[in-house]
Amino acid sequence: MSQAASQPKLQKAKRIEAVPPYLFAEIDRKREAARARGVDVIDLGIGDPDRPTPDHIVERLRKEAGNPAWHRYPSYVGAMDFRKAVAEWYRRRFGVELDPAGEVMTLIGSKEGIAHIVWAYVDPGDVALIPDPGYPVYKTHTLLAGGRPHIMPLKAENGFLPDLDAIPADVARRARIMFLNYPNNPTAAVADLAFFERAVAFCREYGILLCHDAAYTENTYDGYVAPSILQVPGAREVAVEFHSLSKPFNMTGWRIGMAVGNRDAIASLGIIKTNTDSGQFTAIQYAGIAALLETPESFLRQMNALYARRRDLVCDALARIGIDVRKPKGAFYVWAPVPAGYTSAGFTEALLDQAGVIVAPGNGYGEHGEGFFRISLTTPDDRLAEAVERIKTKVRL
Ligand SMILES: Cc1ncc(COP(=O)(O)O)c(C=O)c1O
């Protein structure tokens with residue numbers, strides 16, 4: 001028998017085919033090809049803080065890592081001390097009271113919780129209300145779970161907020177879950193409490209779990225302070241909020257976040273998690289306590305001043321080539337329309353070919369992202385300045 005004939009055929013699950021193609025794969029290929037040609041490529045595509053985690057957090061991990069008690073399996077739902085610290089941080093930051101025992105759960109990064117909550121609420125055929133453009137995990141896991149995404153377009157004319165009145169009543173009745181995310185990735189839009197009140201009322205009316213992805217509430221500018229959805233009276237009867245230490249404390253590599261709010265949702269998420277993972281390393285959770293409760297306010301002020309400076313640099317450079325964007329008040333992205341005559345992919349390619357600069361094409365975040373591109377402000381100042389200079393001088397429109 002030849003080797004080819006003896007190869008067993010492995011049949012993959014159909015759900016794998018339901019996952020949309022990875023739209024950034026082509027860009028990755030082009031970036032590598034440009035680098036191979038010797039082009040000094042500057043990547044403004046990734047949203048990953050370039051500055052290090054503050055020393056007091058690293059020091060705490062160093063100390064806790066030596067504790068043999070933490071070398072055994074961690075708690076599934078998270079160390080009680082970390083959950084208490086989360087509750088204390090929510091009280092200080094948002095004026096929201098949480099019960100650490102039933103309303104807080106440690107996550108291995110907020111992405112993990114966002115992915116798993118879908119499995120706790122969406123049966124095959126159930127509707128999930130998904131913002132588009134949006135963080136891809138909401139839709140991908142809905143598809144993996146056999147759910148039906150109902151797209152809520154985020155349009156510039158609505159301040160990139162979904163139009164809840166446009167959701168047909170029969171769709172809302174079949175919906176089990178709604179995702180929102182403000183400050184928003186990728187549009188950098190912000191939402192006020194009045195919008196959250198409308199969303200909570202909508203989800204209460206239809207019995208929908210409202211999942212607010214709050215990863216960027218601490219990265220805000222020009223005096224804007226982002227609310228928690230749990231500040232809305234009665235929100236915890238329908239809402240759960242996903243938060244993360246990744247973006248405020250430059251800890252994307254540490255993989256720690258939290259789910260807070262509705263007790264039932266936290267308990268249901270716990271059922272999925274206890275059967276999937278075994279919790280986050282307890283030493284990291286103790287370092288997380290240092291992040292939440294011992295980080296001086298000046299740290300966030302300085303980080304946000306840095307992002308605001310970079311934002312201004314980018315927005316001013318874009319204005320010079322005729323792309324006008326309102327300076328965003330939150331997240332660390334600039335979401336800009338592509339020049340006339342370009343698609344998102346076409347303009348992304350032109351920037352790479354003419355300036356050696358990578359940006360994220362808007363359609364990578366959903367069909368309503370077409371016509372936009374996203375620049376991330378998490379690149380060191382000198383590289384960002386160089387990228388901006390190249391955009392100003394080399395891009396022909
Ligand atoms: C909107 C949004 N939510 C959640 C996450 C996940 O963050 P983490 O898993 O690091 O907490 C990201 C990461 O980029 C994000 O942009």
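Remember, it's a predicted structure, so these values are computed and weren't measured experimentally. All ligand and atom numbering here is 1-based and tracks the order in the structure.
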To the nearest 0.1 Å, how far is [atom] from its closest protein heavy atom, and which atom is that?
{"atom": "atom 11 (O) of ligand 1", "answer": "Ser244 OG, 2.6 Å"}
{"atom": "atom 13 (C) of ligand 1", "answer": "Lys247 NZ, 2.9 Å"}
{"atom": "atom 1 (C) of ligand 1", "answer": "Asp213 OD2, 3.2 Å"}
{"atom": "atom 7 (O) of ligand 1", "answer": "Ser110 OG, 3.3 Å"}
{"atom": "atom 9 (O) of ligand 1", "answer": "Arg255 NH2, 2.7 Å"}

Which atoms of ligand 1 sit under 4.0 Å from any heavy atom of [X]?
{"X": "Ser246", "answer": "8 (P), 10 (O), 11 (O)"}
{"X": "Asn181", "answer": "1 (C)"}
{"X": "Asn185", "answer": "1 (C), 15 (C), 16 (O)"}

**OP:** Evaluate the ring-ring contact (aromatic ring centres under 6.0 Å, His included) criterion for residues Tyr216 and Phe332: first the C-alpha distance (whole Å), next the side-chain angles of each, then the deciding distance (0.1 Å), finally the verdict.
**Re:** CA-CA 8 Å; Tyr216 295 95; Phe332 36 57; 5.3 Å; yes
Original post:
Are any of the N/O atoms in Tyr135 less than 3.5 Å from those in ligand 1?
Top reply: no
Original post:
Just checking, is any N or O donor in the side chain of His56 or Glu294 under 3.5 Å from an acceptor N or O on the other one?
Top reply: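 No, no side-chain donor-acceptor contact under 3.5 Å.
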**OP:** Determine whether the side chains of His243 and Thr217 contain a donor N or O and an acceptor N or O closer than 3.5 Å.
**Re:**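 Yes - a donor-acceptor pair under 3.5 Å links their side chains.
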**OP:** Establish, for the pair Arg176 and Tyr121, whether the NZ or CZ atom is under 6.0 angstrom from the six-membered ring centre and no further than 45 degrees off its axis.
**Re:**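 No; the conditions do not both hold, so Arg176 does not lie above the ring face of Tyr121.
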Subject >> The one among Trp254, Tyr216, Tyr182 that brings a heavy atom closest to atom 16 (O) of ligand 1 >> reply: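 Ranked by closest heavy atom to atom 16 (O) of ligand 1, first place is Tyr216.
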Original post:
Side chain, backbone, both or neither: which part of Glu112 comes within less than 4.0 Å of ligand 1 when only heavy atoms are counted?
Top reply: neither
Original post:
Checking Arg174 side chain against Val127 main chain: does a donor-acceptor pair fall under 3.5 Å?
Top reply: no
**OP:** In plain terms, say whether Arg62 and Glu59 are close enough for a salt bridge, that is, a side-chain N and a carboxylate O under 4.0 Å apart.
**Re:**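 Yes.
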